[in-house]
Each structure stands twice: as C-alpha cells, then as structure tokens.
Amino acid sequence: QVQLVESGGGLVQAGGSLRLSCSASGLTVSNYAMAWFRQAPGKEREFVSAINWHGASRTYADSVKGRFTISRDDAKNTVHLQMNSLKPEDTSVYYCAATDFYSDLKRQHEYPHWGQGTQVTVSS
C-alpha cells in the first residue's frame, strides 16, 4: 500500500523559509515522478514543482521559480521542497504526489498517489 506523508509545514513570517518533506512507503521515489501541489482556501489545487523519475528534470510553477527547490533523497525515500523568500500568497495546504506514468507533470490528474497535506501559513 502506497503512503505519502508530508511534514515540515508551519507558521512563518514573510521572507522566511521552510523545508517540506514527503516520506514515501510502498513505492520507491527514484522510480516515480514526484511532485508538490498546493491549495489555498477557496481556490483550486495548483502545481508547485515536480522532479522526474531519474531526477535530471525539475519543473516549477512561475510563481515559485527562483524561490523553491525540489530535491530527492533516495536513501531515505523522501522528497523535499525547500521554500525560501516566502510570501503571504504562498499560504496553502501543500500536498505531495507520485506517479509512474505521465505525459504532463503539471497536471494533478496524472498522479494516482497523494499525501494528506501539510499547512503552510506565511504572515505579513
């Protein structure tokens, strides 16, 4: 059974940093494309970042490019999202997702496996 567990969320002031982690069980992250999505209250879930299965390609939403970095720790079967220069508009629940078959990593429907999410709140 696949399980994705996010951690690392919290409350931070604007300009601060957080590092999210997604610990996977039931799958090997190096065999999957892994992604982060987020959903703010009253808004649709949106793509944040993804790393493909061989780790050579990393994709970011324009809104986070240059501030967020996705990485993977194969030894710990974990994916991270380092978030720097946080803004109030980054406030959302952040979800980890995994897929082993995809055509567009930015589309949430490509991902059959999801975590429960972790709350990130950025105060102004």
Side-chain angles (χ1 to χ4, degrees):
Q1 182 179 356
V2 174
Q3 207 169 15
L4 302 175
V5 180
E6 302 96 335
S7 61
L11 173 63
V12 63
Q13 287 188 333
S17 298
L18 282 174
R19 187 191 193 211
L20 304 184
S21 297
C22 172
S23 180
S25 59
L27 63 81
T28 302
V29 297
S30 58
N31 293 335
Y32 281 71
M34 303 295 296
W36 289 93
F37 288 77
R38 67 186 183 186
Q39 187 168 21
K43 295 187 177 181
E44 292 189 357
R45 189 157 53 185
E46 64 176 5
F47 171 79
V48 176
S49 181
I51 183 168
N52 68 351
W53 67 271
H54 55 75
S57 176
R58 305 176 191 198
T59 308
Y60 299 93
D62 289 343
S63 59
V64 306
K65 205 170 291 184
R67 300 187 298 123
F68 290 12
T69 302
I70 191 169
S71 63
R72 199 178 71 197
D73 185 337
D74 292 346
K76 295 184 178 180
N77 213 33
T78 299
V79 177
H80 300 288
L81 185 68
Q82 178 66 43
M83 306 187 296
N84 298 328
S85 302
L86 282 162
K87 305 175 181 180
E89 52 264 43
D90 294 319
T91 295
S92 289
V93 176
Y94 283 72
Y95 297 92
C96 178
T99 183
D100 61 350
F101 183 80
Y102 58 89
S103 58
D104 184 349
L105 285 175
K106 295 183 178 181
R107 292 178 51 187
Q108 57 179 308
H109 299 296
E110 303 273 8
Y111 296 85
H113 306 297
W114 291 84
Q116 293 300 306
T118 185
Q119 176 71 46
V120 171
T121 303
V122 185
S123 63
S124 56

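Taking hydrophobic clusters as Ile, Leu, Val, Met, Phe, Trp and Tyr residues chained together by side-chain heavy-atom distances below 4.5 Å, Tyr94 shares a cluster with Val12. Note on Met34 and Val64: same hydrophobic cluster, where clusters join Ile, Leu, Val, Met, Phe, Trp and Tyr whose side-chain heavy atoms are under 4.5 Å apart, directly or indirectly. One hydrophobic cluster, built from ILVMFWY side chains closer than 4.5 Å, holds both Phe68 and Val79. Residues Tyr60 and Met83 share a single hydrophobic cluster, defined by chaining ILVMFWY side chains whose heavy atoms lie under 4.5 Å apart. Hydrophobic clustering (side-chain heavy atoms under 4.5 Å, transitive across Ile, Leu, Val, Met, Phe, Trp, Tyr) keeps Leu105 apart from Trp36.
Donor-acceptor pairing under 3.5 Å is recorded for the side chains of Ser103 and Glu110.
The two residues Gln82 and Ser17 make their nearest non-hydrogen contact at NE2-CB, 3.9 Å.
The distance from the CG atom of Asn77 to the OG atom of Ser25 is 8.0 Å, given to the nearest 0.5 Å.
Annotation: cation-pi geometry not satisfied between Arg38 and Tyr95 (NZ/CZ under 6.0 angstrom from ring centroid, within 45° of ring axis). Taking the ring centre of Trp53 as origin, the terminal cationic atom of Arg72 falls outside the region bounded by 6.0 Å and 45° from the ring axis.
Remark: Lys65 pairs with Asp62 by the salt bridge (charged side-chain N to carboxylate O under 4.0 Å, His left out) rule, at least two apart or across chains.
Note on ring orientation: taking the six-membered ring where Trp is involved, the planes of Phe37 and Trp114 are tilted (angle from 30° to 60°).
The stretch residues 36-96 participates, sequence neighbours left out, in these disulfide (SG to SG under 2.5 Å) pairs: Cys22-Cys96.
Between the side chain of Thr121 and the backbone N or O of Leu11, no donor-acceptor pair lies under 3.5 Å.
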